[in-house]
Amino acid sequence: MSHRPPRLLSFFLVLELAASLACAQTYPDRPIRVVVPYASGGSGDLVARTIGARLTETWGQQVLIDNRPGAAGTVGAGLVAKAPADGYTLLVGTDAQMAISPHIQKSLPYDPDKDFAHVVQAAFIEFVLVTHPSIPAATVPQLVAHLKAHPGKYSYATPGIGSSAHLSMEWFKNVAGVDVVHIPYKGSSQIMPDVIAGLVQITYTGIPQTIPQVAAGKLNAIALGAAKRLASAHGVPTIGESYPGFEANASWNYFAPRGTSREIVIRLNREINRILVMPEVNERLVSQGLIPIGGTPEQFAARMKADYEKWGKVIRQIGLKAE
């Protein structure tokens, strides 16, 4: 085994640091690809495209949105995990890929602890439990009573096994004691037409896609998964009002491949934080039922760790087995 002399090793470390700093100073000098691991048309698209447009204006480099749906977002996450750690391929993902799927999928195309650098939490997405009008229920107690009277008759749609919506609905089924069949899809935008048509009667999905359909009378909003009622949901009650302690939301987050330089991570973090407080960006997100977050990479990492522990506890509680 050969060893470099200490002075030579120090020299190479200095060169490596200098190269990293030089890269960060010129970043970005070509287009950036942002992978959204769900089908187009959902709230992830809204977040990625809204922020991406501002980054393009600031940096003069195109930010390209690449939708890669499949397996509750793990397909897209795996793609980013294997990308070069140079800041030119990013992931806009949810808690599902890092805090849920590791508990319930035996084999993932990435390691959530080792393959990603935390950049920033962009926005919370609050969920709402909605039903097709053919279900004669307007409140959580009414819905639960009807489902108990018809076990296994109804189905609910989510963006896939291991998604935040899937775990939230399984949690709801557990605390309410109801039997509803899970139908996984590849993205929220594909769910809405089928629920409106009554092919699937229930879904637990983001407010942005749902409230317009509720306003048009095509769906009934039963309850929110949020900790409290939201103005953007026009006074819809929360599930927690019927089942205390129930709070199930998610966030859209920016990740980079592990090994991306600290300087690039900080630059991305700083720019996205700046964009999130722009009045027009803030108002656009809030009007669509999203809550801007921001913060440091360290705060983001701590939140992911807490969510990993929270969902692990829920998964053990409901007895969901790894597949």
Side-chain angles (χ1 to χ4, degrees), residues 17 20-21 23-24 27-28 32-38 43-44 47-48 51-52 55 72-105 108-127 162-164 167-168 227 247-277 285 290-316:
L17 177 60
S20 176
L21 290 172
C23 178
Y27 175 86
I32 298 170
R33 178 173 62 152
V34 175
V35 174
V36 178
Y38 294 100
S43 58
V47 171
I51 293 175
L55 288 174
T74 60
V75 172
L79 182 70
V80 175
K82 295 175 177 62
D86 54 12
Y88 290 95
T89 302
L90 306 173
L91 172 70
V92 172
T94 70
D95 311 54
Q97 293 84 57
M98 309 301 164
I100 296 177
S101 290
H103 291 290
I104 64 173
Q105 293 194 31
L108 288 174
Y110 58 87
D111 185 321
D113 293 323
K114 298 179 180 178
D115 291 343
F116 297 95
H118 296 83
V119 177
V120 68
Q121 280 192 294
F124 276 124
I125 174 172
E126 297 290 1
F127 290 98
S163 63
S164 299
L167 263 292
S168 300
E247 181 185 352
N249 54 22
S251 59
W252 288 107
N253 316 299
Y254 278 79
F255 300 88
R258 177 60 60 87
T260 302
S261 75
R262 174 70 177 174
E263 292 76 18
I264 288 177
V265 168
I266 291 300
R267 185 166 191 198
L268 282 164
N269 176 275
R270 183 172 58 244
E271 286 300 319
I272 294 171
N273 271 296
R274 181 183 64 82
I275 290 168
L276 287 172
V277 297
L285 296 179
L290 295 158
I291 303 173
I293 309 172
T296 67
E298 291 74 22
Q299 289 171 327
F300 174 24
R303 164 67 198 270
M304 284 291 97
K305 181 179 179 180
D307 278 359
Y308 178 87
E309 294 171 353
K310 167 191 171 179
W311 286 116
K313 182 178 179 180
V314 169
I315 288 164
R316 290 190 295 272

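Keep in mind the model is a prediction, meaning the values are calculated, not measured. Position 1 is the first residue of the sequence, and the numbers go up from there.
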Going through the checks in order, is the side-chain contact (heavy atoms from CB on, under 4.5 Å) test met by Phe116 and Gln97? CA-CA 11 Å; Phe116 297 95; Gln97 293 84 57; over 6 Å; no
Give me the atom names and distance for the closest heavy-atom approach of [X] to [Y].
| X | Y | result |
| --- | --- | --- |
| Ala256 | Leu90 | CB-CD2, 3.8 Å |
| Val265 | Ala117 | CG2-CB, 4.2 Å |
| Tyr88 | Pro28 | OH-CA, 3.3 Å |
| Ala85 | Arg258 | CB-O, 3.5 Å |
| Ala48 | Val36 | CB-CG2, 3.7 Å |
| Val35 | Pro37 | O-CD, 3.8 Å |

Has the side chain of [X] got a donor or acceptor atom that lies under 3.5 Å from a matching backbone atom of [Y]?
| X | Y | answer |
| --- | --- | --- |
| His103 | Tyr308 | yes |
| Asn269 | Gly295 | yes |
| Lys310 | Ala99 | no |
| Thr94 | Ala96 | yes |

Between atom [atom1] of [X] and atom [atom2] of [Y], what is the distance when rounded to the nearest 0.5 Å?
| X | Y | atom1 | atom2 | value |
| --- | --- | --- | --- | --- |
| Asn273 | Thr296 | CG | OG1 | 8.5 Å |
| Met304 | Glu309 | CE | CD | 12.0 Å |
| Ser163 | Asp95 | OG | CG | 11.0 Å |
| Asp115 | Leu91 | CG | CG | 11.5 Å |
| Tyr254 | Ile272 | OH | CD1 | 5.0 Å |
| Asp307 | Ile100 | CG | CD1 | 8.0 Å |

Which class fits the ring pair Phe255 and Phe300: parallel under 30°, tilted 30 to 60°, perpendicular over 60°?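 It falls in the tilted class, 30° to 60°.
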Test Leu285 against Leu276 for side-chain contact (heavy atoms from CB on, under 4.5 Å), laying out the working first. CA-CA 9 Å; Leu285 296 179; Leu276 287 172; 4.0 Å; yes
Salt-bridge criterion met for Glu298 and Arg262 (N-O under 4.0 Å):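 Between Arg262 and Glu298 there is a salt bridge, with a charged N closer than 4.0 Å to a carboxylate O.
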Could you go step by step and tell me if Ile291 and Asn249 meet the side-chain contact (heavy atoms from CB on, under 4.5 Å) rule? CA-CA 11 Å; Ile291 303 173; Asn249 54 22; over 6 Å; no
Tell me if the NZ atom of Lys82 is crowded by more than 12 foreign heavy atoms within 6.0 Å.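 Yes, the 6.0 Å shell around NZ holds more than 12 heavy atoms from other groups.
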With a 4.5 Å limit on heavy-atom distance, are the side chains of Leu167 and Ile315 in contact?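 A side-chain contact exists here, since the closest heavy-atom pair is under 4.5 Å.
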side-chain contact (heavy atoms from CB on, under 4.5 Å) assessment of Leu55 paired with Ile32: CA-CA 10 Å; Leu55 288 174; Ile32 298 170; 5.8 Å; no
